[in-house]
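Here the structure is laid out as structure tokens; the discussion comes afterwards.
Letters A, B, ... are given to chains in the order of the sequence lines, protein chains preceding strands, and every chain is numbered from 1.
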Amino acid sequence: MELKKSYSPEDIEDKWYEYWERNGYFKPDDNAEGAPFSIVIPPPNVTGSLHMGHALNATLQDVLARWNRLRGRKVLWLPGTDHAGIATQNVVERELSKDGLDRHRIGRDAFIERVWKWKAEYGGRIIHQLKKIGASCDWSRERFTLDDGLSRAVREVFVRLFEEGLIYRDSRLINWCPRCHTALSDLEVEYEELDGKLYYIKYPLGDGAHFLTVATTRPETMLGDTAVAVHPEDERYRRFVGKDVSLPLTGRSIPVIADVMVDPTFGTGAVKVTPAHDFNDEATGKRHNLQSISVIAEDGRMGLDAGERYAGLDRYACRKQVLEDLKALDLLEGEKKHRHAVGHCYRCKTIIEPLLTIQWYVRTETLAAEAVDAVREKRISLVPDSWENNYFAWMREIRDWCISRQIWWGHRIPVWYCTDCKTADGTPNGSLIEHIFFEPVKLSGGNTVHSGTYAELRTLGLSRKDIIDNSKIVHIHRSVSPVCSRADLESCPHCGGDVIRDPDVLDTWFSSALWPFSTLGWPEKTADLKIFYPTSVLVTGFDILFFWVARMIMMGLKFMDDVPFRDVYIHALVRDAKGQKMSKSKGNVIDPLVMTGKYGADAFRFSLAAFAAQGRDVRFSEERVEGYRHFINKLWNASKFILTYKKSWTGRSAAVGDPVLDLGSRWILSRLAQATDEMHRNIENFRFNDAANSVYQFLWHEFCDWYIEMSKPILYGEETAEREAVINCLYFVFEKVLQLLHPFMPFVTEELWHSMLDKDKSIMLSHYDAGLVRDFDAEQKMGHLIDAVTGIRSIRGELNISPSVELHADIKTMQVDVESILKDNGETFRKMARCKDFNVGPAIKKPKGSAVSVRNGMEIYIPMEGLLDVVSEIARLEKEVAKLESSMAFINKKLQNDDFINNAPRDVVDKERAKFDDLVQREQKMAENLTLLRSIDR
RNA sequence: GGGCGGUUAGCUCAGCUGGGAGAGCGCAGCCCUUACAAGGCUGAUGUCACAGGUUCGAUCCCUGUACCGCCUACCA
């Protein structure tokens, strides 16, 4: 068996992933004795393809999953995808439009069939990509938010909430996306500052001689104005309150009202009030009992109530028309540039339109209160906890959650309306149809309309039956009492009459809110649910804290009577190296799979983990990935070295107390114990970067740089018991390091586990060793050795003495242990310091003309004769002395300060004194030698 | 408008309970020393944004300022 010259990830990654999956290692281990550990993956959108955020998210979860397996816990990492209602529908609609089709033309059933087909074809892409980066999910439990089980859970939850009155229907203003043709929740609106204009429009007073000028950014909505508002204490307008103005272009009369929400300093201090198209105005309207007139329809065009002249025009075309018309009437007083925040659809970036519609809502008040308690009482910990404030603030201000969407792809709302039953007041249902979209209808004026109310339909000479029979209905809303059901309804349970199902589907986030328990089999009382709920930790980005995390907490508490997870680790956004958000439009997107292709999945994962410092955005830099690839290569090469001694490896484990162990071995075992503790502690605290660094540091700068190097003289020597012990120790530490690294870099560790250590089972089935102990004695002794070696190396480096020149060293020390350490490890020391020989002891005299280095309890002298001129050594020492003197001055200032001596803790003062003494000693030696050299030079 | 976070080496960032600051990359010098040049050894580089305050002592705690970023909000 032999290892290649350098590590090539492409040779082994697929092989091992297949091996893990084939052997079912990702499934919870029934033999595991530790407590269960479970994570549900934040389900990526089926439309998604793996981006850096996913990669970071999945890597951290995989680190936790693999680490917990190695700790002997019964681990479940449950994967799945989200149907992503609007996003997926948009994708398929775009596809359709390429074929010159649209969803209305092919109809609901055919459209949904088409989406499923799309899902079958492309929906698995992100799963495949997750596997590429090594995600150890239990794929046998993979779920989809629209699969049968989850759909059942959704219906169950909807019905129960409905029955408890926590789900209700209401007519109010909502954010509407005219392009997606659907309502959006408050969260789904993104605000962006845009340059707009403020238009000043004159509204004539009843007397015809005077005007009230209002300022607005949206002139087109004036067609739906039902009042003009001024501040009650505004002297300019007080006399108009209660009078009427005539609304231009419509001929309607609307009242002037007084309301404190008006800011007299903005615009003209007079505000047009359009309750049907502005959230503020809606509130004002309610306070003053104003009528709401909807003039914009669901497709973003003007509706029939906008009047013949404007109906059918796009809202922005209408704005232009209205402004022109006003100008013609000399009612446009002026316009001014104005920058303001405008809401956009988070899926398609279209400017949203506040519309008055009937929608389904979840009453969030009590749910949110309990969700707040769970976090406040620490039944759920947010990590880092700085997110708690955000969470509390948002939850306190939470508004009822609009859950209905006027799209087709999603969980259809389990509500039916009877066409025959009469409502409580005896009105037949048919007359209560609220709103309908239909094929465009040409108006006499030449414009076309696409939607309207039932009453408006009749004005167009169309009956409801016409439209239903011609399958032209896109969308219906009714305002009668609905029947909510867990099963499909064929007919009305009250009168047996025909039923129409609510055409809406639920917000995608409704089903994902149930994810932690719906995926485990709820509402059945499954074994999985019992073992794995509540899940241990949720790993997610802060961007979906409210969309998803908060709602899972509410639903989990409501339906499971327990929190959905104990900890929420909230990681940052992955940005590019300049700190910019990655986006397709900026062209700064880094594809994770390009990274894995270039550097290997292990290096990529290790980088992500090492970037994941808490509370900060991740700036991704490819250079660092490259650095970690070097790290893997280092591991690989160390393996090659160790492999050389395989024949002499007896497989015995190394223990600190073993008397045959040399100093280096005792030391590295102690450092191993330390590194292991650090790594475990760091992962426990979700300090992934620190965990990664502690192993990195140990493997490279302790194991490779010191241990392997200092073992060489022994390894190159005769076959003694000591040599055998070193080899066993090399293998022993190596094995432990592989385990420590495995959560971060599963592929290369698995490969080495088998090829180096002849293991027949996966590294995943091994467990961390609890029996590692620190050996302070060895660490202290090794410290002396390291001091001596670096002292000599430092002189060599500073004076540019070639490594090929073997030096002679005289080391004076009064400490017997230092003396014995150097003597006992003489060959090691000579080899590492590249000395041909050395003397050590208390009686050593400093040779003439030697370089000096003073360390802890040691004075190291290197005779310079024949090596180089002493001038550079003098310069070096002068620099050194100056440095020491400034340090001494600083500490001395402290020690002279009575306040410090009296107030600082004893140990701090003692420490400073010791530091000072050491500095004095070193400085003296250096100065002495300096004097000496100067005399020689002369 | 309100809230949160950031400002540390040339670059990217650590620095968890105050005791003269670290890593990686980069840079400089010397080395192909039989695991590794994707390497080894050595070295240089910081008014820890600015101004006050608390303290014997502040990168760390408090107040304010500047700049950057994020979240949130009904200024039409």
Identify, with sequence neighbours excluded, every residue that meets side-chain hydrogen bond (donor to acceptor under 3.5 Å, both in side chains) alongside [X].
X        : result
A/Arg687 : A/Asp690
A/Thr213 : A/Glu333
A/Lys911 : none
A/Asp385 : none

Query - Identified stems (criterion: three or more consecutive Watson-Crick or G-U pairs, under 3.5 Å), RNA chain B - result: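 Stems (3+ consecutive pairs) listed as B:1-7 with B:66-72, B:10-13 with B:22-25, B:27-31 with B:39-43, B:49-53 with B:61-65.
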Heteroatom pairs (N/O) under 3.5 angstrom, protein to nucleotides 58-60 of chain B:
none

Query raised in the report: Just checking A/Asp690: base, sugar-phosphate only, or nothing, at a heavy-atom cut-off of under 4.0 Å?
Result: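 Sugar-phosphate, backbone atoms only, no base.
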Query raised in the report: For A/Tyr716, which contact category applies under a 4.0 Å heavy-atom criterion: base, sugar-phosphate, or nothing?
Result: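 Counting heavy atoms under 4.0 Å across all strands, the contact made by A/Tyr716 is with sugar-phosphate only.
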**Report entry** With A/Leu545 via side chain to side chain contact (heavy atoms under 4.5 Å, CB included) - residues at least two apart
**Finding:**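 A/Leu545 satisfies side chain to side chain contact (heavy atoms under 4.5 Å, CB included) with A/Trp387, A/Val549, A/Ile570 once adjacent residues are dropped.
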Query raised in the report: side chain to side chain contact (heavy atoms under 4.5 Å, CB included) with A/Ala341: which residues, sequence neighbours excluded?
Result: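 Scan of A/Ala341 (side chain to side chain contact (heavy atoms under 4.5 Å, CB included), adjacent residues dropped) gives A/Tyr191, A/Glu193.
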Kindly give the atom pairs (protein nitrogen or oxygen, nucleotide nitrogen or oxygen) under 3.5 Å for nucleotides 44-47 of chain B.
from  : atom 1 : to       : atom 2 : distance (Å)
B/A44 : OP1    : A/Lys883 : NZ     : 3.4

May I have the list of side-chain donor-acceptor pairs in residues 794-807 of chain A shorter than 3.5 Å, sequence neighbours left out?
from     : atom 1 : to       : atom 2 : distance (Å)
A/Arg796 : NH1    : A/Ser802 : O      : 2.8
A/Arg796 : NH1    : A/Val805 : O      : 2.8
A/Arg796 : NH2    : A/Val805 : O      : 3.4
A/Arg796 : NH2    : A/Ala833 : O      : 3.3
A/Arg796 : NH2    : A/Arg834 : O      : 2.8
A/Ser802 : OG     : A/Ser804 : N      : 3.0
A/Ser802 : OG     : A/Ser804 : OG     : 2.6

Report task. Select from A/Asn689 and A/Asp899 the residue whose nearest nucleotide in RNA chain B is closer to the 5' end of that strand. Result ->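 Comparing both residues, the 5'-ward one is A/Asn689.
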Using a cut-off of under 3.5 Å, enumerate the N/O to N/O pairs linking the protein to nucleotides 73-76 of chain B.
from  : atom 1 : to       : atom 2 : distance (Å)
B/C74 : O2'    : A/Asn280 : ND2    : 2.5
B/C74 : N1     : A/Asn280 : OD1    : 3.3
B/C74 : O2     : A/Asn280 : OD1    : 2.7
B/C74 : O2     : A/Asn280 : ND2    : 2.9
B/C75 : O2     : A/Asp263 : OD2    : 2.8
B/A76 : OP2    : A/His338 : NE2    : 2.9
B/A76 : N6     : A/Asp263 : O      : 2.7
B/A76 : N6     : A/Phe266 : O      : 2.8
B/A76 : N1     : A/Asp263 : N      : 3.2

Query raised in the report: If you look only at pairs with a residue in residues 257-279 of chain A, which of them pass as a salt bridge (Lys or Arg N to Asp or Glu O under 4.0 Å), with sequence neighbours excluded?
Result: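 As it turns out, the salt bridge (Lys or Arg N to Asp or Glu O under 4.0 Å) pairs with a partner in residues 257-279 of chain A, which skip direct neighbours, are A/Asp225-A/Lys272, A/Asp259-A/Arg287.
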Query raised in the report: Honestly, is A/Lys831 close enough over A/Tyr716, meaning NZ or CZ under 6.0 Å from the six-membered ring centre and within 45° of the axis?
Result: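 The answer is no, since A/Lys831 fails at least one limit relative to A/Tyr716.
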Query raised in the report: Planes under 30° and centres closer than 5.5 Å, is that true for A/Phe890 with the base of B/G20?
Result: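 Stacking between A/Phe890 and B/G20: present.
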